[in-house]
Amino acid sequence: MNLQSETIIVHQDNLQAEIELDYFNKRLRVDGFYGSTDVLLDIIQKLTVNKPVEKLIIYSFQENWMSLLEKGYTPEAVFSKYFSGADNYAMVKYQTNDRRYTASWLEEDELLTKLLKTNLRKKDPDKVPAAYTIRKANERDCTELARLYSQVFSIYPLR
């Protein structure tokens, strides 16, 4: 059996978490957790022993990102209002130098610097154009979302 990914649900007295082991992309992602950061990191350590995981991603609430920083994780992004109105602090830790390294870092940094100088940041991020509505996706959206993702991400599986 060739698993591309597996989901692990953790329900303990001191931790609740949903963990995705993505073997195809060689990463582990925690899609949010409540409870002890130390217990979570211990579980991650045990789950990744002898597994080809190169990148660890933890989606965390504001109150957790500093403790992850202290444990060697670095901020990758903040997704505004991701958790039903609360911000998501995406924290990452790389297990290999190759996965962390990007040959185009300077170009990426320059592009970001140019983007931040534009007027785009001055627009109201909460204002949605009249032709659009923002809502939580549901099962009826799966086919269209898969089509969109397959256009954006060339390796996204269209089922």
Asker: Do side-chain atoms of Asp22 reach the backbone of Leu28 as a donor and acceptor pair under 3.5 angstrom?
Answerer: no

Asker: Does CG belonging to Asp13 count more than 12 external heavy atoms closer than 6.0 Å?
Answerer: no

Asker: Quick check: does any side chain N or O of Lys93 sit under 3.5 Å from a backbone N or O of Leu68, one acting as donor and the other as acceptor?
Answerer: no

Asker: Take a 6.0 Å sphere around NZ of Lys55 and say whether it holds more than 12 heavy atoms from other residues, nucleotides or ligands.
Answerer: yes

Asker: How long is the gap from CD1 on Ile43 to CG on Leu15, to the nearest 0.5 Å?
Answerer: 5.0 Å

Asker: For a quick test of reading the model, state the closest non-hydrogen atom pair linking Ser80 to Asp87 and the distance between them.
Answerer: CA-OD1, 3.3 Å

Asker: Let me check something: do Val78 and Phe33 share a hydrophobic cluster, defined by ILVMFWY side-chain heavy atoms less than 4.5 Å apart, either directly or through other members?
Answerer: yes

Asker: Name the orientation class of the two ring planes belonging to Tyr82 and Tyr59 (parallel below 30°, tilted from 30 to 60°, perpendicular beyond 60°).
Answerer: perpendicular

Asker: Is there a donor-acceptor pair under 3.5 Å between the side chain of Ser60 and the backbone N or O of Tyr89?
Answerer: yes

Asker: Apply side chain to side chain contact (heavy atoms under 4.5 Å, CB included) to residues Ile9 and Glu18 and explain how you reach the verdict.
Answerer: CA-CA 5 Å; Ile9 306 295; Glu18 182 175 329; 3.6 Å; yes

Asker: Just wondering, do Asp31 and Thr7 contact through their side chains at under 4.5 Å, heavy atoms?
Answerer: no

Asker: How long is the straight-line distance from CD1 of Ile58 back to OG of Ser67, given to the nearest 0.5 Å?
Answerer: 8.5 Å

Asker: Are Tyr73 and Thr37 packed together at the side-chain level, in the sense that at least one heavy-atom pair is separated by less than 4.5 angstrom?
Answerer: no

Asker: Would you kindly confirm whether Phe61 and Leu69 end up in one hydrophobic cluster when ILVMFWY residues are joined by side chain heavy atoms under 4.5 Å apart?
Answerer: no

Asker: Can Tyr34 be reached from Val10 by stepping across I, L, V, M, F, W or Y side chains whose heavy atoms are under 4.5 Å apart?
Answerer: no

Asker: Donor-acceptor pair, Asn138 side chain versus Arg140 backbone, under 3.5 Å?
Answerer: yes

Asker: Enter the distance from Leu21:CG to Thr48:OG1 here, rounded to the nearest 0.5 Å.
Answerer: 8.0 Å

Asker: More than 12 foreign heavy atoms under 6.0 Å from CD of Gln45: is that the case here?
Answerer: no

Asker: Applying a strict under-4.5 Å side-chain criterion to I, L, V, M, F, W and Y, I'd like to know whether Ile57 and Phe24 cluster together.
Answerer: no

Asker: Once rounded to the nearest 0.5 Å, what's the spacing between atom CD of Glu54 and atom CD of Gln95?
Answerer: 9.5 Å

Asker: Write down the atom of Asn64, the atom of Gly35, and the distance for their closest heavy-atom approach.
Answerer: ND2-O, 4.4 Å

Asker: In this structure, would Ile44 and Trp65 fall into the same cluster of hydrophobic residues linked by side-chain contacts under 4.5 Å?
Answerer: yes

Asker: To the nearest 0.5 Å, how far apart are OH in Tyr23 and CD in Gln4?
Answerer: 12.0 Å

Asker: State, with a plain yes or no, whether a side-chain heavy atom of Glu144 is found less than 4.5 Å away from one of Leu148.
Answerer: no

Asker: Starting at CD of Glu20, measure out to CG of Asn25 and round the result to the nearest 0.5 Å.
Answerer: 10.5 Å

Asker: Should we count NZ of Lys71 as having more than 12 external heavy atoms under 6.0 Å?
Answerer: no

